[in-house]
Structure formats: structure tokens, C-alpha cells
Amino acid sequence: MSQTIYNVLSREKETFKPISEDRVMMYVCGPTVYDNSHVGHAKTYVSFDVVVRWFRYCGYRVRYVQNITDVGHLLDDGEDRILKGARREKVEPMEIVERYMRSYFEDMDALGVTRPDISPRASAHVPEQIEMIQALLQEGHAYEVNGSVYFSVESFKDYGKLSGRHVEEMEAGRRVAVRDEKRHPMDFALWIKAPSNHVLQWPSPWGRGYPGWHIECSAMSNKYLGATFDIHGGGVDNIFPHNECEIAQSECANHTAFANYWMLSGTLLVDGVKMSKSLGNFVTIKDALKQYRSEALRLFILSGLYRSPADYSTAALDAATKGTERINTAARRVRAELKHAKADDAANSGRLVDLLDQYRMRFTSAMNDDFNAPLALSALFDLGKDLNTAIDEGSATRTVLEQADAIYRELGGDVLGVIQTEAKGNGAGSAEREASLIQMLIEMRLEARKARDYTRADAIRSRLAEIGILLEDGPKGTTYRIGN
RNA sequence: GGCGACGUGGCCAAGUGGUAAGGCAAGGGUCUGCAAAACCCUCAUGCGCGGGUUCAAUUCCCGCCGUCGCCUCCA
């Protein structure tokens, strides 16, 4: 079965053909680190995390590059975001960068997002950016004015091919005063002359200055992935001008195609409008994680297609929380049953093993179809229903349970990251010890119940509940789970 | 105004030219000292509105209405 990807370049689903057979070279636009990340970032990066995890599950070697923007990304008023952050917090610009880059990684780690293989920083690749700008100047795709360098959009006939815009049709500069220096209103900065008091500046052939925002992605993807690579990802909101500019710079400098497949994730809305730093309506990932566990956040994100918008609300997150509980309870039950599983016996076992294969195939074909995570999830939910029934009937043999456990670990855990694959503990040894202690208390409570000493039984239960361990009495005995 | 996307049950959300996945909520049941949880079952003749193509459309085409994103910084 082959992988399909909705390619924004063609606006169609295409069969994925990597440049090297078993290898995926992938770039995703990363954050500008001048403030805490919000749930909108989570949507984008969790989505691409699942793409990477899926490729790896399928046996591809993936090189995943995601930049860290720490210079050159300007605000409306022309001030660099990093400098604004530095002024706000009264620290060095690079302190802002370190602070929020660490914060970003903390958030991503908490969300279970696999770290990129390379997280190149713009400020650490100024020579590479200068080199690319020089190439563009030599080719006549760029021009210098007063120490700044601009890309000439008229020199690249394909400008607008990703976003479907045409230079002639755009009423550029209508709302923003165009810099007089530009030859064409749509031209964009490759290199910006720094005022003498500007804190971030580097020497260049055109005097002291700093790189424009777009050029870093072109220069760094070129360095780590090559002139042409497989997949370029990011949020749709950057399709114009950022992504369009990347294509223009790279294709003009390298004389070859840039990314073969463009995957853009849908915008996260809150109360129907975009969640963004500039609108101030954002929920930080740290705040969201105080309320919801990371599996719930991931499930919320993966409940819709990556390229569709999603609306953040407490109702949606509560529903996702319940959903993760349902799916994790089923997975936990399988693991618990496995401890005292029956040996295999012919017929039933075979039928159920076939059923499990079908679920794995359902999941696989969903993911192969442009990473349809919501459809893949539905397979896991249905699987849980069948397993519960099988366990109740006593037809779930060891082989069945082992394979079910493997599905949960590999597909729910490794690929989607919505199923906890191991007990959360403070350390390797302590988790096991904790489990034994809880088991001991459960047995003590059982003895109390047998003796009809319910006061004592309830006391054990409520004391455990106080420290977040919830006991649940079921037909087959008492189980527990760790609450939030 | 231009470009792009979308409108599916109470809410969220997949999907297909041949008759609607899944989650949440709701109702019923099982279990149970109590409680909580869990599990099972049920739940859209219908897919924004109006036309058209077709043996057949929610799915294709046209028009309309509405929502969102981008066009200026945002993942």
C-alpha cells in the first residue's frame, strides 16, 4: 500500500515518492522564540510529529529539520520580535532566545513531540544566508539599495504558485506604506541594513545588518536537506508570503525544485477566530497542560485532519479527555489481563487474531491516506470495543492479548502518542515498587471488605484517592488508575 | 475587492457516485456493601439552500447564503 499526501502545490492527493527510496527529508517551519508557545503551535507540531512517527513506523529513515527563528522576524512597526521581547523583560536579546527556546522544547517534550533531528538557529547560519543572497544577486534575482538587499519578485515567473496568487493581481502596498527602496511593491527583504544602535547585526558585503525572515529557511534547508528535498511543512497561515518567498529564493539560487511536497496544517481557532500572539487570544501550552493531560491535547488535535482548522474549547478538550480515558482504559485492561492470560486454544484465538489484523490494516490504510489520524483513531476505538467483549466472554487468549497490546503500544503509543505505554513513575525502579505498594493496599482493603469492615475499606480508598490513586471495583476485582 | 478552504445528528468530526466511521453528550442495561468507574446496547432515510448532470448525489457541475484563513507580523 502506498502513502498518499495532499500536496498544496497541486491541490491534490498524490502518491508519495521520496527522492531516496527508504528515506524522507523533511523541513517544517519552526517558531520565533520571543514568547511562550500557544496551543496553535501545538496543533502544527503535534500534526507533523505524527507524520514523522508514521514514516518511522513504516520503516523510513527520516531526517526532520525544524528551524528556530531568533533574528530577523519583524513586527508591523519594523521592530524585531526578539528585541521587543528583550525590552519587555529587560534582558539581553539572546537571553530571550534561550529562555523561550527552552520553554518551547519543554512544551514539546511535555506533549510527547519527538524532537527534530536538527533545530538550526537563524543567528547561527548568517554566513549561509549571506552566501545565498550573493548567489541571488549574481543571478539578477536580487538588488542592493542603501545597504539592504531585496528579492525581485518579477524575476521569478513562478512567484505565487503555492498560494495561487499572481503578482499583477495583487494590490500590494495598499495597506502598508511600501518602502521607497523597493522596485516592486511585492519585493521582499533578504538583508536589512541595521541602524547603528541595532543590537542584532552582522558584517556583510553590504555593510552591517541582519537577515530577512524568509531567507533562513531557504539557507538552512539547503544546508541540511539539500537543494531539493521531500516534504516541506508548516502552518497554512504562512503560505503567503513566507512559504512563497522560500520557494522563490531557493529555486532561483539553486536552479532546481525546492520541496516536492508541501503539507500545511490548518489554523487553530478559539471561539471561531484564529489563536495568535498578535490577537492576544492565546492559551499557552503550559496553561493548557495544567488543565488537560498531554494525551488529551493530542487526541483533540488528532480528532480532526491536520489540514483542517480546529476550534479550541473546553467542551472539545473535555470530550478529548474522556476519549483518552476510554482508549487508555481498554489498553490498560489488555495489559492487566495479559498477566494471567490463558494459553491458546484453537478456534476463537484464530478468529480474533484475524480481527486484530483487520484493525491494524484499517489503521494503516487511514494513515496511508494523507495521514488521516481521525479515521485511524476510530479503528482503535472499535478495537477496544471488540477486546472488551472478548475479555468478558473469556475468549481473549494469550496470543490475542499480546497482539492487542502490540497494537496499542505501536499504533496508539508510538505513532499517535495518545496511549500511555508505561506506568508513569518518578524513576524506573520506583514505578514498580509503587505498583506493589498499591497492590498491597488493595489486598488489605479486600480483607477489610470481606470482614465487612467498610469504614476501614473506605478509609483506604479515600486516602489513596487523596494522593491521586483511584480504586475501581469491578466484577473481576479491584483495579486502580493514576488520576490527574 | 482578490486568493484559498469549509458548511455532515445536541456538540466535535471522518467519509463515499449506490445509500452515512469514531468521540462526547443523552436514554436503556450489566456489575456493585456504598461510591466511583468501567463495560455493553440504542441513537442522522440524513449530509447549508436552490437548480442541473446521472439509472443513482451528501459525494460531480452551476448559482446563492454563511463561516474561517491569507492578502500586513503570526504555527
Side-chain angles (χ1 to χ4, degrees), chain A residues 8 11 28-32 35 37-48 66 73-79 81 160 162-166 169-177 186 213 233-242 244 264-269 272-279 282 299-300 303-305 307-311 313 315-327 329-330 332-333 362 366 369 372-382 384-385 387-389 391-392 449 452-454 457-458 461-462 465 470-476 479-481:
Chain A
V8 180
R11 308 267 167 197
V28 171
C29 286
T32 302
D35 202 347
S37 302
H38 55 68
V39 188
H41 297 102
K43 176 174 178 343
T44 297
Y45 299 122
V46 166
S47 298
F48 286 107
Q66 186 189 103
H73 197 172
L74 308 185
L75 291 156
D76 271 354
D77 57 10
E79 184 176 19
R81 298 170 126 72
L162 182 70
S163 57
R165 274 158 229 270
H166 305 284
E169 290 173 6
M170 282 186 282
E171 296 177 67
R174 201 175 52 156
R175 292 151 80 179
V176 170
M186 296 308 298
W213 174 39
V236 252
D237 46 331
N238 271 336
I239 190 170
F240 190 90
H242 182 64
E244 208 66 75
L264 300 178
S265 66
T267 303
L268 185 76
L269 312 172
V273 293
K274 178 173 169 174
M275 181 181 291
S276 76
K277 286 176 184 172
S278 51
L279 292 176
F282 63 88
L299 190 79
F300 161 69
S303 292
L305 296 173
R307 56 192 160 88
S308 299
D311 209 328
S313 67
L317 267 293
D318 286 344
T321 300
K322 291 286 182 60
T324 47
E325 277 169 16
R326 181 176 178 75
I327 210 169
T329 301
R332 230 183 295 119
R333 190 173 179 203
R362 233 176 93 183
D369 184 13
N372 191 329
L375 192 58
L377 271 170
S378 76
L380 295 186
F381 279 107
D382 285 345
K385 203 167 283 185
L387 284 170
N388 276 320
T389 304
I391 292 170
D392 287 342
R449 291 171 73 201
R452 305 211 159 245
D453 183 356
Y454 295 121
D458 290 351
R461 182 172 62 194
S462 60
L470 306 173
L471 299 190
E472 293 166 352
D473 297 330
K476 290 186 175 178
T479 57
Y480 72 93
R481 67 193 170 94

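To find a chain, count down the sequence lines: A is the first, B the second, and so on, and within it residues start at 1.
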Could you work out, with side-chain hydrogen bond (donor to acceptor under 3.5 Å, both in side chains) as the rule, every residue matching A:Arg449, not counting sequence neighbours?
none

Can you list the residues that meet the salt bridge (charged side-chain N to carboxylate O under 4.0 Å, His left out) rule with A:Asp392, with sequence neighbours excluded?
A:Arg333

Across all chains, not counting sequence neighbours, the salt bridge (charged side-chain N to carboxylate O under 4.0 Å, His left out) partners of A:Arg326 are none

Using side-chain hydrogen bond (donor to acceptor under 3.5 Å, both in side chains) as the criterion, list what pairs up with A:Asn238, not counting sequence neighbours.
none

For B:rG50, give the paired nucleotide (Watson-Crick: N1-N3 plus N6-O4 or O6-N4; G-U: N1-O2 and O6-N3; both under 3.5 Å), or none.
B:rC62

Considering only B:rC73, B:rC68, B:rA75, which nucleotide approaches the side chain of A:Leu269 most closely?
B:rC68

Applying side-chain hydrogen bond (donor to acceptor under 3.5 Å, both in side chains) to A:Thr324 and not counting sequence neighbours gives none

Is A:Phe300 touching bases, backbone alone, or none of the nucleic acid, heavy atoms closer than 4.0 Å?
nothing

Paired with B:rA44 by Watson-Crick or G-U wobble geometry, both distances under 3.5 Å: which nucleotide is it?
none

For A:Lys274 and B:rC70, is the shortest distance between a side-chain N/O and OP1 or OP2 below 4.0 Å?
yes

Using Watson-Crick or G-U wobble geometry with both distances below 3.5 Å, tell me the partner of B:rC24, or none.
B:rG10

Those residues that, when tested against A:Tyr45, pass ring-ring contact (aromatic ring centres under 6.0 Å, His included) (two or more places apart):
A:Tyr104

side-chain hydrogen bond (donor to acceptor under 3.5 Å, both in side chains) partners of A:Asp35, counting only residues at least two apart:
none

For nucleotides 13-15 of chain B, which of its nitrogen or oxygen atoms have a protein nitrogen or oxygen under 3.5 Å away, and what is each distance?
unit_1	atom_1	unit_2	atom_2	d
B:rA13	O2'	A:Ser303	O	3.2
B:rA14	OP1	A:Leu305	N	2.8
B:rA14	O3'	A:Asn372	ND2	3.1
B:rG15	OP1	A:Asn372	ND2	3.0

Could you go over nucleotides 40-43 of chain B and give all protein N or O partners under 3.5 Å, atom names and distances?
unit_1	atom_1	unit_2	atom_2	d
B:rC40	OP1	A:Lys385	O	3.4
B:rC40	OP2	A:Arg326	NH2	3.1

Measure from the side chain of A:Phe381, starting at C-beta and using heavy atoms only, and say which of B:rA75, B:rG22, B:rG4 lies closest.
B:rG22

Sequence neighbours excluded, which residues qualify as salt bridge (charged side-chain N to carboxylate O under 4.0 Å, His left out) partners of A:Arg332?
none

C1' gap between B:rG69 and B:rC61, integer Å
26 Å

Partner residues of A:Asp458 under the salt bridge (charged side-chain N to carboxylate O under 4.0 Å, His left out) criterion, sequence neighbours left out
A:Arg461

What string of B, S and - do you get for nucleotides 26-35 of chain B, 5' to 3', when a contact is any protein heavy atom under 4.0 Å?
-----S-BBB

Of the listed nucleotides (B:rC3, B:rA21, B:rA75), which one gets closest to any side-chain atom of A:Asp382?
B:rA21

Tell me the partner of B:rG4, counting only Watson-Crick (N1-N3 plus N6-O4 or O6-N4) or G-U wobble (N1-O2 and O6-N3) with both under 3.5 Å; none if nothing fits.
B:rC68

Scanning all shown strands, the Watson-Crick or wobble mate of B:rC39 with both distances under 3.5 Å is B:rG29

